[in-house]
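Here's the structure, in C-alpha cells; my notes come after.
A, B, ... follow the sequence lines: proteins, then strands. Residue 1 opens every chain.
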2 protein chains.
Amino acid sequence: MKYDSRKDEIIQTSAILFKKKGFSAVTMRDIAKEMGIKAASLYNHINSKQEILSEIIISLAEQFTEQMKSIKMSDESSIDKLKQIVALHVNITSKNQFGMASLNNDWMHLEAQLPYYLKLRKNYENDFRNIIEKGIKDNELITQNPDVMVFSMLSTLRSLYIWLPKKEDLDIEKFTTELSLVLINGINK
Amino acid sequence: MKYDSRKDEIIQTSAILFKKKGFSAVTMRDIAKEMGIKAASLYNHINSKQEILSEIIISLAEQFTEQMKSIKMSDESSIDKLKQIVALHVNITSKNQFGMASLNNDWMHLEAQLPYYLKLRKNYENDFRNIIEKGIKDNELITQNPDVMVFSMLSTLRSLYIWLPKKEDLDIEKFTTELSLVLINGINK
DNA sequence: GAATCAAACTAACACTTGTTAGTTTTAGTT
DNA sequence: AACTAAAACTAACAAGTGTTAGTTTGATTC
C-alpha cells in the first residue's frame with residue numbers, strides 16, 4: 001500500500017544490525033531504538049520483521065540474476081566473463097555491505113520467499129558453472145572438476161562483504177583487477 | 001564438576017541445529033526435543049546455552065591454532081606450507097561440518113570467550129600472511145598484495161563447511177590436491 | 001482556523017525465552 | 001531389598017518477543 005523513504009531507512013538500519021548480530025538476534029525494539037522511535041511505530045511503514053529481511057535479500061538476489069543474464073549472453077571469452085563476474089560481486093558488495101551479510105547468512109530465515117530465493121541462487125550457480133565448463137571445453141581453463149572451481153571462486157566472492165569494509169580507502173577498480181588475477185591465475189610465480 | 005558423554009551428545013546435537021538455523025534461532029527446547037528430553041534436563045549436563053556455543057567454537061579454534069603452529073615451524077617451502085594449510089582446513093572441516101558453521105557464523109555470540117577467540121583468529125591470520133609474505137620474498141609467489149591473497153584463500157577454506165557435506169562420497173585426499181591446485185595455480189590454462 | 005494525514009505514541013496481548021528449584025524415575029551396586 | 005547417583009521430570013519465574021489497537025502529535029493544505 002505505502003512505499004516511502006522512511007521504509008528504506010528502516011531497511012537500511014535493519015541491515016546494519018543484521019550484519020552485526022544476525023537476523024534472529026535483532027529485535028524490533030533494537031531497530032526502533034537505533035532510529036530513535038518506538039517499536040510499534042515501525043509498523044506504520046513495514047508489515048513484519050520478515051518483510052524487512054525479504055526486501056533486503058530478494059532485491060540483491062535479483063540484481064545478481066539480472067546482471068548475470070547480460071554476462072552470460074555476451075559473446076566474450078570465458079575468462080573475460082569470469083572477470084565480469086568478479087567485477088559484479090565487487091560492485092554490488094561495495095554498495096551493499098550490510099545487505100550482503102543478510103544474503104549470505106540469513107537467507108534461511110526467509111519464509112514465503114525462500115523457494116524463490118533458492119531458485120534464483122540455483123540458477124546463478126548453474127550459469128556460473130556453465131561458463132566454466134565452456135572455458136574448459138574451449139581450452140581456456142585447466143581440465144579440472146568445474147564444481148571445485150565454482151566453489152572456490154564463489155566462496156571468495158561471497159565473502160567480500162566481510163573484507164571490503166575493512167579496506168575503506170580501497171581503489172575498487174584496482175582491487176577488482178587484482179582479485180581477478182589471483183582467482184584466475186593463482187598466486188604461484 | 002561433571003564431564004560425561006551425555007554432554008558431548010548435547011553439544012553435537014546443538015551444533016547440527018546451530019548450522020541449520022543459527023545460534024540465536026535455536027532454543028533450549030529445540031535442542032531438548034531433538035534429544036527426546038525436556039529442556040530443563042539439559043541443565044544436568046551443561047551450565048548455559050552460551051557454554052554449548054563456547055565448547056563448539058573454542059575447541060575448533062584451538063585445533064587450528066595448534067596445527068598452524070607445527071606448519072609454520074616446519075622448514076618446508078612456502079608453497080608446501082600453504083598446501084598443508086589447505087589440508088588442515090579440509091581435514092578439520094570434514095570431521096566437524098556442523099561445528100565449523102558455528103565457528104564461521106556465530107562467533108559474535110560468544111561472550112566471556114569472545115576476546116580469546118578473536119585473539120586466536122588474529123594470530124592465525126597473521127601466521128597465514130607471514131607465510132605468504134615469505135613466499136613473495138623468496139620469489140615463490142607472485143608480487144601482489146598479500147592481504148588479497150590471504151583473503152582469497154581463507155575465504156574459500158572457511159566456506160568448506162558448506163560445500164563438503166554436499167559431496168558425501170568425496171575422496172578427501174584427492175579433493176585436497178585438487179583444491180590446492182586451483183587455489184595456488186589458478187584455473188587458467 | 002479547520003481539515004487532513006503521515007508518523008509518532010501508549011498500552012497491551014499472547015506467546016516464547018533461558019533458567020531454577022524441587023521431585024521422581026532409572027539403573028547399577030551392595 | 002536397600003542404597004546411590006545420574007538423569008530425567010513437573011512447575012514455575014521474570015524477562016523479552018513480534019505484533020495490534022487505538023490515540024496523539026505535528027506539519028501541510030484548504
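Using a 4.0 Å cut-off, some side-chain N or O of B:His45 falls inside it from OP1 or OP2 of D:dA8. Close to D:dG18, at under 4.0 Å from its OP1 or OP2, lies a side-chain N or O of A:Lys49.
Looking at A:Asn44, its side chain comes within 3.5 Å of the base of C:dA8 through a donor and an acceptor atom.
When the nucleotides D:dG18, C:dA11, D:dA7 are ranked by their closest atom to the side chain of B:Arg6, D:dA7 comes out on top. Nearest to the side chain of B:Ala40, among D:dT17, C:dG18, C:dA21, sits C:dA21. Closest to the A:Ser41 side chain, of the nucleotides C:dT19, D:dT19, C:dC9, is C:dC9. The A:Ser48 side chain lies nearest to D:dT19 when the options are D:dT19, C:dG18, D:dT10. Side chain of B:Arg29, nearest nucleotide from C:dA7, D:dG18, D:dA12: D:dA12.
Whole-Å rounding puts the B:Glu111 CD to C:dG18 C1' distance at 12 Å. Between the CD atom of A:Glu9 and the C1' atom of C:dA8 there is a distance of 13 Å, rounded to whole Å. Put simply, CG on A:Asp30 is 16 Å from C1' on D:dT19, counting in whole angstrom units. Nucleotide D:dA21 holds its P atom 21 Å from the NZ atom of A:Lys38, rounded to whole Å. The distance from atom CE of A:Met35 to atom C1' of C:dC9 is 15 Å, rounded to the nearest whole Å. Atoms CG (A:Leu53) and P (D:dG18) sit 13 Å apart, rounded to a whole Å.
Checked against A:Asp127 for a salt bridge (charged side-chain N to carboxylate O under 4.0 Å, His left out), the options A:Lys122, A:Arg121, A:Lys72, A:Lys134 give a single hit: A:Lys72. Here the rule is ring-ring contact (aromatic ring centres under 6.0 Å, His included) with B:Phe18, and of B:Trp107, B:Phe98, B:Tyr161, B:Phe23 only B:Phe23 fits it. Applying the ring-ring contact (aromatic ring centres under 6.0 Å, His included) test between B:His89 and each of B:Phe128, B:Trp163, B:Phe64, B:Phe175 identifies B:Phe64 as the sole match.
Taking a cutoff of 4.0 Å between a charged side-chain nitrogen and a carboxylate oxygen, A:Glu140 and A:Lys83 do not qualify as a salt bridge.
Among the heavy atoms of the strands lying under 4.0 Å from A:Thr27 are primed sugar atoms or P, OP1, OP2 only; no base atom is included.
Counted by atom type alone, A:Thr156 and B:Thr156 present one or more donor-acceptor pairs between their side chains at under 3.5 Å.
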